[in-house]
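Below you'll find the structure, written out as structure tokens, and then a few comments.
Given the structure is predicted, the values throughout are model-derived calculations rather than measurements. Count residues from 1 along the sequence.
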Amino acid sequence: MQLAPLPSSSAQMPSVRLENITLQRGNTVVFQHFTLELAEPRIGLIGDNGAGKSSLFRLLCGLDQPQVGHVRVPAGPQTVGMMFQNPDDQIIFPTVEEELALSLQHLQLPRAALQQHVRDALQARGLAHWAARAIGSLSQGQRQHVCWLALTLAPHRVLLLDEPFASLDLPSQALLRQDIERAQQQVLVSTHVLAHVRHFERVIWLDRGRVRADGAGAEVCAAYEADVALRTAQV
């Protein structure tokens, strides 16, 4: 099934909906009769491995198609952008400058102007020396940083971040957290590092393809932590 755009009247405020979704891979049912609306500016996704967090993101950005149901996103091209757990799954070009320029193609500018936009963006972050660097010379955390910059330069209105803190050192985690707080786009963060979403107004705890809890970040994170403590104590 194709992603169905929301009516233009709803597009002023990013909102995505999954309606009666069934997603099955082989003999594994990932979601069944799954319905969820995502309208808040910051939403966290938590849960065990295999809970369905990455699959939910893949549905929202069109990488997976449900066998049943509809995924509805705001109208417009490149509305939803996703940052993968592994930056090597996302990066295409051999240098930082070329990779970031790809995100600006919608501006339809001459090559020199695109390069200047990229250099200005890097300069603003104190990373002007990265422009000509080969992607292969960057650490995984640095490549993740490039992926984040690429997302923010593109015309996305909804950003999906799949385990964005996993490969980052503490300073980089702090910088990304600040960036998320300042972003104009709607941002959904899937993470095992609960400290980064505990302050969100909404956190969703997924458990084997179902919503186990949905509410204020502090409350949902505490409930998940208590459940994990109980389960591990019984092992």
For the residue pair S167 / R143, report whether a side-chain donor-acceptor contact shorter than 3.5 Å exists. no

Pair S15, R72 - check side chain to side chain donor-acceptor pair (under 3.5 Å), show working. CA-CA 8 Å; S15 177; R72 302 191 183 276; over 6 Å; no

L23 with L60, same ILVMFWY side-chain cluster at under 4.5 Å: yes

Looking only at atom types and distance, does a side-chain atom of T35 sit under 3.5 Å from a main-chain N or O of N20, one as donor and one as acceptor? yes

Regarding H156 and Q185, do their side chains bring together a donor and an acceptor under 3.5 Å, going by distance alone? no

Beyond-backbone contact of L194 with C221, side-chain heavy atoms, under 4.5 angstrom: yes

Are side-chain heavy atoms of R212 and D227 found at a separation under 4.5 Å? yes

Consider side-chain contact (heavy atoms from CB on, under 4.5 Å). Of L188, I180, V189, I43, which one does V197 pass it with? V189

Heavy atoms, side chains only, cut-off 4.5 Å: are I46 and H192 in contact? no

For T232 and V228, indicate whether the former's side chain and the latter's backbone hold a donor-acceptor pair under 3.5 Å. yes

Check the orientation of W130 and H145. Use parallel for under 30°, tilted for 30 to 60°, and perpendicular for over 60°. perpendicular

Crowded around R231 CZ? As in, over 12 foreign heavy atoms under 6.0 Å? yes

